[in-house]
Each structure stands twice: as C-alpha cells, then as structure tokens.
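On a predicted model such as this, the values are computed, not experimentally measured, just so you know. A, B, ... follow the sequence lines: proteins, then strands. Residue 1 opens every chain.
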Amino acid sequence: MTAKLPTLSSQYEAKTTETKWQTFWEANEVFKADPKQAGDYFSIVTPPPNVTGSLHMGHAFNTALIDTIVRYQRMLGKNVLCLPGTDHASIAVQTIVEKQLKAEGKTRADLGREKFLERTWEWKKESGGTITGQLRRLGLSADWSRERFTLDPKLSESVLEAFVQLHSEGLIYRGNYLVNWCPASQSAVSDLEVDNREIDGNLWHFRYPITGTKDFIEVATTRPETMLGDTAVAVNPTDDRYKALVGKTVTLPLQNREIPIIADEYVDASFGTGCVKITPAHDTNDFEMGKRHDLPFINVMNKDGSMNENAGEFEGLDRFDARKAVVVALEAAGNLVKIEPYKTTLPYSERGGVPIEPLLSTQWFVNTAPLAQKALADLDERNSPEYVPDRWKKVYRDWLVNLKDWCISRQLWWGHQIPAWYAVEETGGVITDSTPFVVAKNSKEAAKLAEAKFGKVVKLEQDPDVLDTWFSSGLWPFSTLGWGTEEQSDYDRYYPTSTLVTGFDIIFFWVARMTMMGRHFTEAMPFDQVYIHGLVRDENGAKMSKSKNNGVDPLVLIDEYSTDALRYTLIREVAGAGQDISLQLNRKLYNQRVKDRAAGKEPPAPTPGSKDNSLSESVEASRNFTNKLWNASRFVLMNLEGQTPEQLGTPDTAKLELCDRWILSRYHQVTKALRENLDQYSLGEAAKQLYEFIWGDFCDLYIELVKYRLQGEEGESKLVAQQTLALVLEGTLKLLHPFMPHITEEIWHTVVQKEATGQVSLALESYPESNPALIDADLESQFELLIGTIRTIRNLRTEAGIKPGEKIEALLQSENDRERTTLESGQIYIQNLARVKKLSITNPSASKPLDPPATKPATTPSPDLTAGTLKDRKAWADRTWLEKLDLRDLADDLLDYLANYQKLAITLWGITLTILAFNVLKAAFNGVHRVAIVSDLLEDIGFFYTIFFVKDNLLKSTDRQRTFGNLKKLKGDLFGEAAPAVEAVAETVAAPIVTPSPTTPSPTHPEPDDLRSVGDHRQTFAGVVGTVQVLIPLDGLVDITALKAKLEKDLTRAQNEAQSVRGRLSNQKFVAQAPEEVVQGAKNALAEAEKQAELIQARLSML
RNA sequence: AGUCCUGUAGCUCAACGGUAGAGCGCUUCUCUUACAAAGAAGAUGUUGUAGGUUCGAUUCCUAUCAGGAUUACCA
C-alpha cells in the first residue's frame, strides 16, 4: 500500500485523462492481437472510412458501437482482433484532388498519371491521418499495428488475385453496355453513387408520322433530346388500337429515319397513349428491348454530356441545350403535341452533382448471378450470415435475388488499375472496344501470356481505368488478413470474422459484395453476424447530409463534453431494430463552436445554471453521468482508508447487512441483464440499465444507506460496508468500461492502486459474472417497501412544509406482520434517509396501546438516536438515570438503539447488560400497571451506553442479529405485542426470507380510536404505502388545507385503482379464464387499494 | 406504385396479451462535509384514428391517416 491515500481530484479532467489513456493503450499495445493466444477468437474488421477528409457523426456512432462490442468481447476473455483501416475511395478522392488542381488552373492531364497519383498520395497521407486520429480519439480499441489501407501492396495483391481468378472463371467480362455515366466526372459510377431526387419536370408529347400515311403515332418523353437516337416505337402486342400498325414504320422527325413499330410486352397500354419511343442507347429499359428486337443502338451523346455527330444539326450542344433546341425544332415542324408538367425522379451523380446519363460504353463487368447464388444458398440453408436485427435479412435477400451485373471499371486514375493488357497494335495502336487483351497480375506475366496467345512478342498497354472501389471493399474482410499472400497467419486464425457492424444504407453495396466475394474466394461467409444500425439524425430529425449542411463534427462534442459522454449518448439512444437515433443539438451554439475551433479557441468552461447554454442536452446528460460516477468513486475512495478491494477482501456473506445484501443482489441482477443484453446487441438497453443502477441504486440509495456505518466506529459493520462498496464499485467500473473506457480506466487504477502497464489495464480485466446465489428478488421487493416508506415520509415532510434539515418523528402502523418485519429490519435506513429521529413501528390492531405512542412535544429535544455522531451520544450519555419512565417506549428505544448501533452491541458485555436491563424493566413492569406518559426517557439508556462504550471492542464475533431477535422476543413477552418469532427476526436481518406482500390484510379493521390516538395529542400528517400507514406528528400549526388536499388526492387515487380492479374482478369471464396468478394479483391489488382508501378515509374524517 | 419501419408524457425512448414507465425538460424547496454538472418532492398520457380477435389490446389482425426508409420507375 502506498503511503499516501489514493484520491481522485475534485474535478474530472476529461480531456487530459482521455488523451492519457489513448496514448497509453496504443504505446503499450494493449489491443495488439496475438494469433498464438489460445481460446475462442472474436474478430472485427472495421468498415474503412473514406480518406476524404474527416469523420462525421455516423462514423462516431459506428465506432462507438464497434468498440463497445469489441471491448466487451475482450473482457469475456476472447482472443480479440479489431482491425482498423481506411478506404481509398477512388472517385471521391480524385474529385477532391482535381478540385485542388482546378484552383491552381491545372487539370490532371496537365500533370500526367504519375504526377497526379503522387499528389493524391500526398493528400491521402494527410487525410488518412486525420481519420485515424479521429478514430483514436473515439477510443477505438483497435490493433493499430494491423492498420490497413485498400491500396496497400498486400491488399492490392488480393485485388489482382481476385480479378484474375474471376476473369479466368469467366465471371469478369468486358462488354458494351449502358452504365450510370457521370458527365461531370466523366466516369461510370456505381448505383451507390447515385442519388435519386424527385424533381418537377415535363412530359413532352410528340407525334411521329406513320410512313406512307397521313396518320401519326403519339409518344411522350421526359428527355426530348434522346429522340434523336430513337430506333423504334413500341406498342403492347395485345393493344387493339395499334395491332395493325405493328410491322409498319414511322419517320423519325428531325432525323428523317425510318424506324419500325414493334410489339413488346413491356409496354403498358394503359399509360399515356400506349406508344413508347425506344432509344436503346440511352435508356435501360429500351436497351433491353433493343436487344430483344435486334434494334440498332445509336448513341447521340459524347462522354462530356454534349451531343455527338449522330445528333445531326444538334452536334456539340450540351444535353440540356439540345433538349430545348429539339423541342423548338419539333414544334416548328408541327410535331409537338403538348407539354405537361410531370413529377419524376432523376438519378443524380453524388460526386458531380449533375443528372446521371445512361450511356452505352465498353466497360468491365462482374457476372454476379453465380456469386449471388452461393451467398443466397448460405442464407437460405444456414441463415448465414445472421442479421441483427433479423428484418434486414429480407432486404439483403431481395438484393441477392434481383441483382444485375456489376460494372467495375471507372474512368479514373486513383485506385486499382485494371490488370488487363491490350495488344494495341491489333487495333491501330489504340485501345478500342475490340482490341484483344490478356489479363494477368503484372506486365511480365501479361507479356508471357500475350506471347503465347499471339505467337510473338506484342506491344502491350494496360487498361487505363481503375476498379470500382467496392471491388476492393468486397475483399476487405480477408484481404486485410493476408488472404492470397505469403503471410496468412491472421487469416488462418481470425477468419471468418465474427461480426460486421455497419449501417443499413450499405447492405447492398458493401455487405452483399463481401458475402459474394467472400463466399466465392474463401468458401466461407466472411462474418458470422451482421449487426445493422441506423443513422444519426440531426436536431430536427432530418438525415444528416452534405447537401443539407446539417452534419455534426463529433470532435466538437468531444471537446465540449468528452469522448465517453459522446459515446455513451450515442449508444444509450440505440433502440431496438436498427432504428435511427437522434442527436440533440443547439445549432447556433454549434456553429459558434465550429468557428471557434477553426480559430483555435477552446470551448468555454461550462457555466452552471444558465439556460440555453447547452450545446447538446443529451450529451450533457451523459457528461453529468460521468461526473456522478467520478464523485461517487471519490466518496468510496475516501472511505476505503487507502485499502484496495483486494486488500479489503470479499465480505463474509453471513455478515452482510440488509442493504449490503440488497445492493449485491441488484449488482448481480444488473450484471446478468447486462451480459444478456450485450450478447444480443441490445446496447442501448444495457447502457440504460447501468445508468439506473449506478445513479439510482448505488449513488442515491446504497451510498446514503451506508454513510452512517462508514462514519461510525471501526468494526465489522464498517468493514463489511467498505468491502461491499469496493466490490460493487470495482465491478461496476468493469461493467461500464466498454461504454465509457476512459473514465473507468482512470478510476479503476486509482481504486486498485495498480500502475498501468501493457498487461495491467481495465480493458484486459474480466467482465463481471453474475452470481445467482446473491440475487434475491424477495429482498429486492422488501426494499421496495422501505424505499416507498422513505419516499412517503419525505413526501409528507414536503407537504407539511418541514425544513429538509429538520429531524422528525414518525409512526408506521401496519397490521401486516411481514410489512412490519420489513420495516423493522430497515428501520435505520428509514431514519437516515427520511431524517427521522424517532421511528415507531406498531401493529394498530394487535393490542390496545397502553398509551398513545407519540407524546406531547418534548420540552427538551430528544437525543438523536440515528445520527450516530459522538456528540449526540455524549449528550445522550449525559442524561441522568431515571427521570421518568415509559417502560414500553423504553424497551422500544432500547431495541432501536441496538438496531442502530449493532456494532456497539456486539460485545458480549453489551448484550448481557441489555438483557439485564430488560430483566430490570420486567421487574419494574410487573409492579406497575399504568405507565406514565413520558417522552424523554432515554437517560437510562445513557447509563447502559456508557458501559457499552467502555467495552466496545472487546469481542468481535457474536451473532448480534440473533441476539437482537431474542431481545425483541423478550420485549414481546414483556408487552404482549405480536413481536415476530425469534427465528423470523433473526432471518429477517441476516437473510430475509419474508415474502413481500401480496398483502393479505387482516379482516379486522383498525378502530378509529387507534387512528385517533396520535391525532388526539398532536396534529398528524398521514400517508399510505402498501398497507402501511405513515404518520408524522407535528408541533405547532398545521396546514389543514394542505393535509386535506394531500389525503384527498391519495384517496382518489386509491379509489380509482380499487374501482378499476373491482370492475375487472366482477367480470365472471375474467375470473374464470384468466390465469390464476393474474386473478390473485388483481385480488391482492384490490385488497390493498381498498385498505388504503379505508385508512385515508378514516384519517380524513378526523380532520 | 411495391416493400419495410415508425406513430406512447413537451422532447428522446421503454413496457413475454395482464391495465403504461425512464431520462431530459418543466414546477417547488434545499449550496446537508462525494457530487448545485447535485439532492428532495411534484405535475404531465382517450398509447395516431376506426373496427376486429380476446375475459383483457400499447402489444395480435384489418382498414385508414401521418412521418420515414428503400426499390422500381410509365416512356
């Protein structure tokens, strides 16, 4: 043990602490995976963020979820690999760099491919560093030694391997098809890079003259300029209106081209005129039809979106100018019928920000059907991968079924260059659609292959295009582990990976590609489970997006509130089925913070109490939670007197006091629930449970309940409290660690007093296990009554306007033995937490009270039985022996005293003397039939107390509970009260087995006299909890109106409850058909409600 | 248009078919020696609407309204 006591500073410094642990974890390689380590493994490859700039809130959310899962699995003792990395994001990154060049007045062509790539790598270095730095600040417990980038040599090798293999299997081909063409970036783009927007457009109606007649056929289009490439007009074969025309031709206006009228099922006769113009080179549906009917494909557009030579007089016009020009020309020619406004959704290029053009071009494609079939079989036959939540499985499945071939070539430079080499001499020195080629991993192999193929050495040129980024992303789960390279130890150990954590928005584009590729290349699903989460929505519930400019930088919130607070907020929000989560934010303040950050200013220190000053209320609440944990830990540390949980040891079960047993029961209950929730990815639920346990149970109740023991004398009771506090705190830190890794690590090291090393870290501790033997549901519900009683007394205090600091008297009356036993065993708790100096617990119907239990206002204040300060006890001891006697109360108080100061009473001497005292009392009692009404009776206790005090620490191990019980029995004998049997009491205290009420009230109702007995002497405030009547006698004036109002409110509530339950019970079918326990529960509830109403009614009638 | 998800307190969300809870916010009181970034007490609901099944529906079914996601877009 160190010389100075371990403490926590009064203020938690989140920023320095978090940086400290992030640095520590990484420097000590705490999270480095070791394939050689035995045991089950748990591996996650993180979804690689694009190296385009910085992380947004969605990344923070994803990372928080991943890390919580990963840390939990690590604490379960698994061999964990969490592999981080980034994605090269061809088109996004190239767009950024080209923009930079443009600002300098240059183009990529000016630089040339090599120089351009150099420059892009430079950019990647900076941006990639920003990204991984942010992941580190989020506390991601990744193995940074295994960080990967999709363009790493080894990953690129995997890409080559995959491409060559797929090509050799005939699953990759080169062909002329329609692709999503982005004229702005002049590249094909994937469906994912397309953003469908609904826009207000027009529907233009044209008429095409039927060749050889004066008739016309009317067609409509949203893109008039495409008519220049029309090669047919189609009608439905069953459409009687046009049947006769099929086989004839129309003359295409402006182009004067004869095009056929064809019949095709695709045409919907009921829409518009039932005639469709067919442009196979510019529309996907038309493309299919063109193939079916063997139509010519006339491309009228250039790659930059301008019209080409096939557009005739419109050549050179931009597509939108051409649109206008075509309409004008058609109108002039009398072919325009009408223009009607029309809502349509247009695909926009996410990158270029312009409408996508379906364009016919020669590209590389993956034949996905055979790949998808394997993945589909795994899903249908083995439910692999398993989706959490399950409903996303359907979305995934639909995609696999409806899949189209995948265009994988991009007309870009940044990325994996397609490993195809063209024998350009065959086609005049340039690559054309028909240039022969070979596919190989490198130019050397390509040369060899080409030589074999052509029988001579030929000049080869590599395809200038690069692969779709998703191609390499599809390999990510195994390419990162060394698949297809020399070093496969990680692959052998950690593949297939355990869980993929990602957003639902990329199930198709990424998840499905990984499963197809993984299944094909590794014969295994790349992950066992897929955990799908939602998006982070902004303060108005809107999706965050660049175009709306409503994104939120997680670092701004981290600077303001800490990483732990942000992580916890995000996770706590997680509802069930992959729902979106929302983030509360003061946008105005946020914008200010962003500005400040840019200017290098720190966020201002929080000013408590001021409203409208919260950047994010929800994150602030989490920050307050960290603060709560910090302060509670401070308190515990202050009271452990320098001892670690290990040094203190586990508390002896037999010596646990009621609240110790309760908090341990709660702790094990929560541990159990937490493990279950974490196992099934109910992270939000888990986070909330911990919050409630830490704040509600541990801080607000347990700590308050044990304070008097900690502040009291050294001894067993104090030791057990310390042991329990230490045990629960350390366990709780472990439970919370996956959610809030930094603060828990900091507190833990202080608590256990262990220097942090690569082997000693909370992150490497075992996750707590639940001990079912310590879970006691009965005990917990008994506690409910105690807490309810405390709350009722506090409520009465408030209603009566009693000052918070003032100590009061209270009387608890219940006819229910179990209730009374519970109240008695928790008496000290009620006294401490409800600030009651004198508490009586009686059975109003058992025997006529000899005298009113509460007496007239004491002229000299009663010594405080509860506070337990030395001062009080001194004052108490100073009393003189035998001023006046109320023997019954004396006995009560003697027992109170023992209950409160059990640790003092443990000496044999003390007990002996107490028993002696009882015998003295007995003797006295026998001689006195009527006992004086005196409230100040405790002088005599002072006498005993002095003796106890002297002998205080002589003996340690006595079954004080049993003795206490015996004393109670003795008291019962003396006064004829229905004191619980000795055994019952002993067990109540040491191991409560008392079943909580379903209260079965006794048939005898309290006499009004009973109730009045208190009120006769003083004004009394009253409330009811369970069937316990809580009475607070008051001195001075009482606000009768307030009291009445309160009682009436209670009465209404009780009557309503009774009424409702009565209604249910009077339904014969309910009684007959509902399960026994439900009916019984209703009966109990009715009895309790009726009892409550009765008690309140009686009390009310006395006013 | 199809499919899916969601409608519960002012906000964000809970509630094996058993009669609705929590956090934040709000109101009142309190700076009590872990914590005012706190503590104590309190108020707040035709569970979107209408039917149905059931002894009993926030929960299951049908219809409907509203919001969202997604796929496909009819030219």
**Prompt:** How does RNA chain B look in dot-bracket notation if pairs are Watson-Crick or G-U with both distances under 3.5 Å, crossing ones as [ ], other-strand ones as |?
**Reply:** (((((((..((((....[..)))).(((((.......))))).....(((((..]....))))))))))))....
Distances for protein N or O near nucleotides 56-61 of chain B N or O, under 3.5 Å:
none

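- In this structure A:Ala14 satisfies the side chain to side chain contact (heavy atoms under 4.5 Å, CB included) test together with A:Tyr12, A:Ser562, sequence neighbours excluded.
- Counting non-hydrogen atoms under 4.0 angstrom, A:Trp695 reaches the backbone sugars and phosphates but no base.
- OP1 or OP2 of B:A75 has at least one side-chain nitrogen or oxygen of A:Thr344 nearer than 4.0 Å.
- Contact annotation for A:Gln1073: base contact, defined as any heavy-atom pair under 4.0 Å involving a base atom.
- Taking A:Asp505 as the reference, A:Leu535 meet the side chain to side chain contact (heavy atoms under 4.5 Å, CB included) condition, with sequence neighbours excluded.
- A salt bridge links A:Lys15 with A:Asp559; the closest basic N to acidic carboxylate O contact falls under 4.0 Å.
- Residue A:Cys699 is the one, among A:Cys699 and A:Lys1069, whose nearest nucleotide of RNA chain B lies closer to the 5' end (criterion: closest heavy atom).
- Seen from the ring of A:Tyr691, A:Arg572 counts as a face-on cation partner, given the 6.0 Å and 45° thresholds.
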**Complete:** Each nucleotide of nucleotides 66-71 of chain B classed B (base within 4.0 Å of a protein heavy atom), S (only sugar-phosphate) or -, in 5' to 3' order, makes --SSSS
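- To the nearest whole angstrom, the two P atoms, one in B:U8 and one in B:G48, are 6 Å apart.
- The base of B:A75 is not paired with the side chain of A:Glu218 by any donor and acceptor separated by under 3.5 Å.
- Remark on RNA chain B: of its neighbouring residues A:Glu704 and A:Lys394, the 5'-side contact belongs to A:Lys394, judged by nearest-heavy-atom nucleotide.
- With both ends at atom P, the span from B:A57 to B:U19 equals 12 Å, rounded to whole Å.
- Every residue two or more places apart in sequence or in another chain that forms a ring pair (Phe, Tyr, Trp, His ring centres under 6.0 Å) with A:Tyr568 is listed here: A:Phe625.
- The side chain to side chain contact (heavy atoms under 4.5 Å, CB included) search around A:Glu288 returns A:Lys291, A:Arg292, not counting sequence neighbours.
- Remark: A:Tyr348 engages no residue in a ring pair (Phe, Tyr, Trp, His ring centres under 6.0 Å) (not counting sequence neighbours).
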Output one line per pair: protein atom, nucleotide atom from nucleotides 30-33 of chain B, and distance, for all N/O pairs under 3.5 Å.
none

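- The stretch residues 229-239 of chain A has no heavy atom under 4.0 angstrom from RNA chain B at all.
- Taking side-chain N and O atoms only, A:Arg794 has a distance below 4.0 Å to OP1 or OP2 of B:A41.
- Geometrically, A:Lys707 engages A:Phe635 in a cation-pi contact defined by less than 6.0 Å to the ring centre and at most 45° from the axis.
- Between A:Asn624 and B:A38, a side-chain N or O to OP1/OP2 separation shorter than 4.0 Å is present.
- Scanning for side chain to side chain contact (heavy atoms under 4.5 Å, CB included) contacts around A:Phe508 gives A:Val395, A:Trp399, with sequence neighbours left out.
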Pick out the pairs of N or O atoms, protein on one side and nucleotides 42-44 of chain B on the other, that lie under 3.5 Å.
residue : atom : partner   : partner atom : Å
B:G42   : OP1  : A:Asn795  : ND2          : 3.4
B:A43   : OP1  : A:Lys1049 : NZ           : 3.3

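- In this structure the side chain of A:Arg634 reaches within 4.5 angstrom of the side chain of A:Ser10, judged on heavy atoms.
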